[in-house]
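Order of the sequence lines sets the chain letters (A, B, ...), proteins ahead of strands, with each chain counted from 1. Values reported hereafter were calculated over all heavy atoms of this structure, with side chains retained and with hydrogens, waters and symmetry mates removed.
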Amino acid sequence: MANFRRFRPDDLHKLSKCNLDPFTETYELGFYLQYYAKWPSLFQVAEDQHGNIIGYIMGKLESSPDVYRFSEHYLPWHAHITAVTVAPEARRLGIGRLLTEQLEVAADANNAWFVDLFVRVSNHKAIAFYKSMGYSVFRVVKDYYGDHSSDPTLSSEDAYDMRKPMKRDVNREHVREDGEKYEVDPSDVW
Amino acid sequence: MSAYRYGRPALRGSVDVQLQTAFSDGNWNTVIRLAAKRAAATKDPYYEAVKICAESQLDGTAEKCAVLAAVDELVKNKKTPDIDIIELYEWACRDLFNYDVEYADTLGPLRARWAKANPSSPLALQCLQACLEKWDLVSAQQIATTLDKTHANTADRRYMFWNITLTFLLSVSPQCTDASRKVYSLLAVRQLERAADLTESSAKLEPTDRGLLTEEEICLYYRVLRSHGTKEEFISRLQSPKLGAISQLKEGRKLLFCEGLDALESWGEWDLIYKLCREALVLGLEGATSPFFVCDLQTWRKFATAASKTADPDGSLAEVQNILKRYIEIKDKASEMYKKNLSLALLETTFRLPATAVNPTRENERLSARVIQIGLFLDQYFERLSAFDDIKGYVAELSFEEVKALMESVVPRILDEDANKTRKIVLEALSCKLRYLLSTCPQTLTPQPSVVEGQPQDKPFQCRLCSSPASLPCECCLRKLILDAATAYERITGEKELLAAIPRLDKDPRLDLALVMGAALLKLSGLRPRTSDVTRSLWQDVDPGLFLQAVLLLDAQLKETPGDTELRLLLVKLYLLLGCASYAYQLWIPLDVKRTIQDALSPLFFDRISALAPGLFQGNRGLMEPLRSFYNQSLREKSPVRIWDAFWAGSYTSILDMTEFDGNLRRSCTLMMTLVEERRAIRCYGGKIDCEIEEHPLTENIDDDTTLVDKTDHGPFPNLESFHGPAMHEFLSRGPGLSVGFLHPRSVTPSSRFLTRRRTSVRTSPSCRNSTSISCCTSLPRTTNPPPKQTRSPCATATTRSRRSRV
């Protein structure tokens with residue numbers, strides 16, 4: 001049913017099975033192509049037998065700018081998961097997990113210290129999924145999202161910054177056990 | 001000087017504060033006066049350039065164009081220009097590049113000249129970037145060559161590969177003269193071959209060596225080789241011990257393996273595909289790669305297909321099965337996705353086996369190995385949303401005897417009598433879908449003599465399932481299918497237990513049943529793909545009663561399952577066929593087709609919408625604004641979006657793909673559709689067109705010889721049809737698909753700029769309150785056609801008259 005391979009720009013014409021799902025955001029062309037231009041090995045897709053894209057992951061490799069080097073919030077060289085989505089018809093097959101694992105392989109190949117991502121604190125399903133893959137909460141970013149996913153009366157929602165150490169972090173220096181207790185402002189997150 | 005591209009340039013640090021301030025404030029008259037004074041006093045041509053630059057900001061045409069004369073003089077003068085002057089002039093000319101000024105004839109050569117004279121300066125890199133962003137490949141290639149020579153032995157390998165990539169891009173670009181094309185092609189190939197040879201012959205390659213090291217460098221080599229080299233060279237290198245696909249797989253790199261298989265398939269090199277797939281799959285079993293690294297369905301399919309085409313298909317397919325068996329033995333370690341891929345691979349292999357191998361004694365032809373494998377697959381996956389799509393291609397390949405066995409002996413026995421009701425109803429829905437699929441397969445029919453017992457027969461076939469005289473599809477089977485599906489549907493809605501279970505299922509079985517009923521009703525109504533005689537009214541061939549029954553049924557289902565995009569899209573197309581564009585638009589909006597996916601999906605609604613409902617364009621809604629905005633933003637620059645990022649990151653295959661993508665987007669049928677539809681709607685109401693299509697900036701690269709590119713995505717449509725006939729979306733078309741002919745500039749030039757001749761009863765219907773419907777229910781031709789016959793539509797009767805209107 002599925003092939004896993006690198007994204008290619010023509011896939012943007014085959015995204016409908018993923019992107020017509022209301023929970024998947026569609027970005028400007030430049031956003032997708034920026035990832036493909038800079039980090040092609042971290043942009044992976046799953047396609048069905050007809051060439052439709054049924055899942056994809058977009059990630060990047062970066063560190064905080066040098067001016068933050070002595071800040072407590074400085075992020076060393078790491079991979080970041082920007083978006084991961086699986087089409088409704090292809091769920092419960094482990095495609096999200098496989099895509100994430102592929103991004104982790106690319107992160108290791110690029111000598112990243114860890115992989116991180118942001119997730120709404122109310123998204124229990126996603127949090128459980130990432131925990132099952134070895135991710136843990138590193139910190140809570142207060143009011144990171146400008147809306148609330150389940151309560152329309154609220155104008156913001158916190159995010160968990162979750163991390164998984166990569167091979168380079170032998171001593172697990174970049175993860176912590178009790179990350180839920182560490183709160184930061186969005187301005188501290190680069 | 002700072003980069004000018006994102007704003008007004010900063011002047012040299014040595015310029016006095018008074019002039020600096022006037023320049024940064026945009027006080028151009030003061031700048032002109034002060035710069036003239038400084039130029040006279042210092043004799044520094046830089047101040048003259050500042051003056052010309054300031055003059056270009058004034059309103060007068062002569063002042064504006066003075067900068068062009070200055071640039072022209074610099075180009076003709078063979079001296080190396082000052083880089084600060086180049087940057088000033090480039091900023092001053094920025095608005096002129098989209099009109100009469102070719103960067104490749106002006107600033108590009110100046111930048112190349114400067115970079116050649118100052119190859120070690122960091123600003124030479126800026127020159128390369130500037131030329132790339134203006135897509136002046138000739139100058140960019142020259143700069144890249146210079147930079148490569150200057151940095152030949154540094155650890156920054158990008159200079160070498162920028163040079164090669166640009167040489168290749170130039171060789172395939174229209175910017176290259178025919179005389180130079182061969183030289184650049186050879187240059188790109190030879191440089192890469194030298195690098196490949198160095199890699200093959202070196203025990204270990206250092207970053208300073210000019211060999212191929214990274215995955216991107218290696219894949220660039222193969223791309224260039226595939227384009228400019230020979231097939232033999234490509235194949236030989238693909239099997240080499242260091243740069244071959246297998247050695248790359250061992251390093252965890254899959255891209256070359258995938259691209260290599262594609263190339264071999266295009267050349268019909270099945271023996272090599274078989275060999276490559278076998279070696280790759282064995283790697284996983286032997287632990288040389290992670291076990292399921294190449295276990296994609298595509299690999300298995302190509303492996304099985306290649307095996308069936310070898311000189312010894314029995315032996316080769318036995319080897320495929322042997323390797324598959326070894327994978328099945330370790331499948332407990334695999335994720336669900338790979339387990340499913342293995343199950344599908346088993347199916348694929350079984351279907352590729354020669355008939356004699358599957359059933360050597362031809363005993364029990366009905367319950368063949370193929371039927372048994374489908375049964376085994378369904379045992380595991382019948383409840384999955386994709387189950388039907390996974391097997392429908394295989395089911396359509398079965399013989400009639402096998403079909404009977406599948407539907408009568410296998411599918412009904414997937415569940416025991418005492419299985420729970422929910423699972424039973426899911427299976428029943430799947431069974432209905434399979435029955436519909438079979439109604440589209442010719443093996444369920446036998447040809448019938450045209451005359452029986454002296455009586456001419458109006459049906460050319462006899463249905464082998466129900467024995468009725470039939471055409472394709474068998475109407476009798478479809479009618480029975482509708483009744484059975486309706487019964488199943490009622491059973492679900494009548495049982496609270498079943499309704500309560502629906503949220504836990506992969507897919508609501510009511511949806512499947514409604515789709516089956518809807519599709520069957522549409523077929524019974526006489527709806528068929530309309531690709532040629534589009535002037536013939538739909539209702540001359542289609543029974544409105546049955547058609548409307550299908551629409552109402554599906555619409556009622558959408559109320560139950562509003563989140564289903566397949567059903568929503570199907571209804572959008574059906575309402576467009578009915579001429580109810582306003583309601584179709586209401587259904588379309590929640591799909592939220594925006595930004596990047598518009599190019600692929602917008603034609604599903606907007607194609608020929610101006611002819612159907614120009615009223616939709618009225619008011620301030622800006623119907624095409626999101627599309628126009630997408631193309632304006634994506635095609636604003638002459639270079640592909642984000643191309644410099646790809647160069648900077650050393651993503652060479654990305655550069656090639658992004659260039660190709662950009663070229664296609666500039667020739668997109670959807671882009672032309674956007675411009676055509678908008679203009680047609682304006683003309684329908686006698687409005688004024690600001691800019692004719694052929695003068696529009698977005699059609700700059702489109703002329704009479706341009707081949708337009710249709711990338712419409714039909715993936716989100718439900719499709720119960722078999723591969724023996726057209727897909728569902730073809731039945732829903734109002735005429736031929738987006739075509740080169742209709743959208744081409746030559747079709748919309750003033751001399752031929754006519755709306756398609758048609759009945760144009762402009763009226764406002766209560767059901768289409770927001771749109772002005774033009775002759776509801778007609779199929780809309782793409783090109784000028786003779787006026788169609790007057791017909792009555794089921795939803796509107798209108799006075800008709802022929803009208804020629806400008807596009």
Between [X] and chain A, with a heavy-atom cut-off of 4.5 Å, which part of the residue counts as in contact: side chain, backbone, both or neither?
X: B/Lys254; value: side chain
X: B/Leu665; value: side chain
X: B/Phe292; value: neither
X: B/Arg568; value: neither
X: B/Phe647; value: neither
X: B/Ile597; value: both

Sole residue of B/Thr165, B/Thr653, B/Asp657 in side-chain hydrogen bond (donor to acceptor under 3.5 Å, both in side chains) with B/Arg223: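 Considering B/Thr165, B/Thr653, B/Asp657, a side-chain hydrogen bond (donor to acceptor under 3.5 Å, both in side chains) with B/Arg223 is found only for B/Asp657.
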With chain A, which of [options] has the greatest number of heavy-atom pairs at distances under 4.5 Å?
options: B/Glu216, B/Met658, B/Glu215; answer: B/Met658
options: B/Lys339, B/Arg253, B/Glu660, B/Arg301; answer: B/Arg301
options: B/Tyr338, B/Trp644, B/Phe630; answer: B/Tyr338
options: B/Val593, B/Thr299, B/Asp713; answer: B/Asp713
options: B/Asp389, B/Val294, B/Val641; answer: B/Val641

Ring geometry between A/Tyr35 and A/Phe43 (parallel below 30°, tilted from 30 to 60°, perpendicular above 60°):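 A/Phe43 and A/Tyr35: perpendicular rings.
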Does the plane of the ring in A/Tyr56 sit parallel, tilted or perpendicular to the ring in A/Tyr32? Use 30° and 60° as the thresholds.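 Ring orientation, 0 to 90° scale: perpendicular.
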Can you confirm whether the side chains of A/Ser122 and A/Ser150 place a donor and an acceptor under 3.5 Å from each other?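 The answer is no; no qualifying pair exists.
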Looking only at side-chain N and O atoms, does B/Thr561 offer a donor or acceptor that is under 3.5 Å from a partner on B/Asp508? no
Between [X] and chain B, which part of the residue has a heavy atom less than 4.5 Å away: side chain, backbone, both or neither?
X: A/Arg92; value: both
X: A/Lys17; value: side chain
X: A/Phe4; value: both
X: A/Asn52; value: side chain
X: A/Leu98; value: side chain
X: A/Glu25; value: side chain

In terms of heavy-atom pairs under 4.5 Å with chain B, which of A/Pro88, A/Ser16, A/Pro22, A/Gly94 leads?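 That would be A/Ser16.
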Under a 4.5 Å heavy-atom cutoff, which of A/Leu12, A/Val105, A/Thr26 has the most pairs with chain B? A/Thr26
Around atom OH of A/Tyr74, are there more than 12 heavy atoms from other residues, nucleotides or ligands closer than 6.0 Å? yes
Where A/Cys18 and A/Ala87 come nearest, the two heavy atoms and their spacing: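 Scanning both residues completely, I find the closest heavy atoms to be SG-N, 3.9 Å.
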Cation-pi between A/Lys164 and A/Tyr130: NZ/CZ under 6.0 Å from ring centre and within 45° of the ring axis? no
Could you tell me whether the side chain of A/Thr85 reaches within less than 4.5 Å of the side chain of A/Phe23, counting heavy atoms only? no
I want to check something: taking the side chain as every heavy atom from C-beta on, are A/Lys14 and A/Glu47 in contact at a cut-off of under 4.5 Å? no
Would the A/His80 and A/Phe118 ring centres measure less than 6.0 Å apart? yes
Give the intermediate values and the outcome of side-chain hydrogen bond (donor to acceptor under 3.5 Å, both in side chains) for residues B/Asp710 and B/Thr712. CA-CA 6 Å; B/Asp710 180 7; B/Thr712 308; 2.6 Å; yes
